[in-house]
Number of protein chains: 2
Amino acid sequence: MARKPADQSVNREDILLAAAEVLQRKGFEATTMKDIAGAVKLTAASLYHHFRNKDALLLAVLEAGLDHIINQIEPIVHSALSSDEKLRQMICAHVVGVTHNTAVGATMVFEIRSLMDVKPLSETASEADQRAYHDFIARRNRFFAHRDAFEELFRFVIREGIANGCFRQTDVGIFTKTLLGAHNWVGVWYRPNGRLSGEEIAAMMADSFLRALRNEG
Amino acid sequence: MARKPADQSVNREDILLAAAEVLQRKGFEATTMKDIAGAVKLTAASLYHHFRNKDALLLAVLEAGLDHIINQIEPIVHSALSSDEKLRQMICAHVVGVTHNTAVGATMVFEIRSLMDVKPLSETASEADQRAYHDFIARRNRFFAHRDAFEELFRFVIREGIANGCFRQTDVGIFTKTLLGAHNWVGVWYRPNGRLSGEEIAAMMADSFLRALRNEG
DNA sequence: AAAATAATCTAATCGCCATTAGATTATCGA
DNA sequence: TCGATAATCTAATGGCGATTAGATTATTTT
């Protein structure tokens, strides 16, 4: 059967973490396979043992990051808390998540475009390449859908809060975009040794957005 | 003396606008000189008549975008309006600016990193290259300073509003980052034929942020 | 019209980078 | 210990893309 991986060999997850760091620093297009390989002390060729190609590697980084944050936020949505407390916790979880791994956070923000313009398959592609390509596209579309679902979690709670009178009447779509834009941007400017911790920043942001949303009185 | 440019020849500004559009669509690293040249019906080589190299072209795009938005916002800061009215107008001007030219807006957000890792000059560089390089670096640093000054306009008005009791006590730095993150993100999701106009979106966002900031009562 | 300069082109060059081919080495299960 | 498979390596390949060299064409000034 499958052999148990040796302790000193590099595994998929090591590569994903290192790749996120490099991708944040240089951006997808400017990052070479050699850069990523170097970050885990491999040669570029060795990466192809773990990932089909550069696009697949990027997608894997993004998937891992998205899964992680969704797993943190979904339970809050389905809890028995009040809508405003839900939203507060969701904002904190998201912002703290971004500050705890700015690499993945920033990659999620900046490198998604690179997924969009994957070059079409050449005419003369083998059967196997065709299949691999379609698998990739399907997987990518699943990722985008997953990403929309993430945003929908926020919309859901805001809608709920408006319905039960906790929040004022407002345009849910715009408010959600405003919220997520602010969150995403944290990954750009946050510095681990800065004046404030991720938790402090998260609390302040949650405070502001709840003031913006809560009903008067 | 300098010849007056012919009407049918492509000028600097045509190139900047076209370049911003291409850069938004593909990102700096993925954009080739040929792409940009094609957008104004030139060959790649011809671009070098107008710009020293690709980095200089990017910098010129960013400078133009930043100048434009600063020119819109600076007068508001120095007007006689109340702090909250100033902030409302600044938010609207910024967001509308972003929606009116998403190309420049998104480029400002996404491509600045490319300016940061400009490769250092090779050892064997000519006198002229040395000078050109240092000019470029100086110009880039001026751009970054200019960008900080833009952010400072918002901080200034918020501080002022807190001082005169118009706004609640809050962390000015964090609030400003929150605000600008939300604004910048608009360039990512806004679509000209979407449900709402840039002006409508701007008004809603300004409304939310002013609720977040205003003193109670 | 002649000289000067601006704008553009065609045709290299040169290097880098994703990807592949084909070993080689390490680890595990039997 | 043997065979299988995983993990890694070295050494191409093939193409693309920024940049340059050197014409060529267009426009303006005198």
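Naming: A, B, ... by sequence-line order, numbering from 1 per chain. Only heavy atoms go into these numbers, but all of them, side chains included; no hydrogens, no water, no symmetry mates.
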When the distance from [atom1] of [X] to [atom2] of [N] is rounded to whole Å, what number comes out?
X	N	atom1	atom2	answer
B:D14	C:dA7	CG	C1'	13 Å
A:Y48	C:dT19	OH	C1'	5 Å
B:D129	D:dT20	CG	C1'	12 Å
B:R12	C:dT8	CZ	P	14 Å
B:H49	D:dT19	NE2	C1'	16 Å
B:K26	D:dC16	NZ	C1'	12 Å
A:N11	C:dT27	CG	P	15 Å
A:F51	C:dA18	CZ	C1'	16 Å

* Asked: Below 4.0 angstrom from OP1 or OP2 of C:dC9, is there any side-chain N or O of B:T43?
  -> yes
Flag side-chain contact, heavy atom, 4.5 Å: [X] against [Y]:
X	Y	value
A:M204	B:F175	no
B:L180	B:H94	yes
B:I174	A:W189	yes

* A:Y133 atom OH, neighbour heavy-atom count above 12 within 6.0 Å -> yes
* In terms of the nearest nucleotide of DNA chain C, which residue is placed more toward the 5' end: A:K34 or B:L42? -> B:L42
* Structure fact -> Regarding the side chain of B:H50, the nearest nucleotide among C:dA18, D:dA7, C:dT8 is C:dT8
* Asked: Nearest of D:dT19, D:dA11, D:dT8 to any side-chain atom of A:A45?
  -> D:dA11
* Indicate, with a heavy-atom threshold strictly under 4.0 Å, whether B:S46 touches base, sugar-phosphate, or nothing. => base
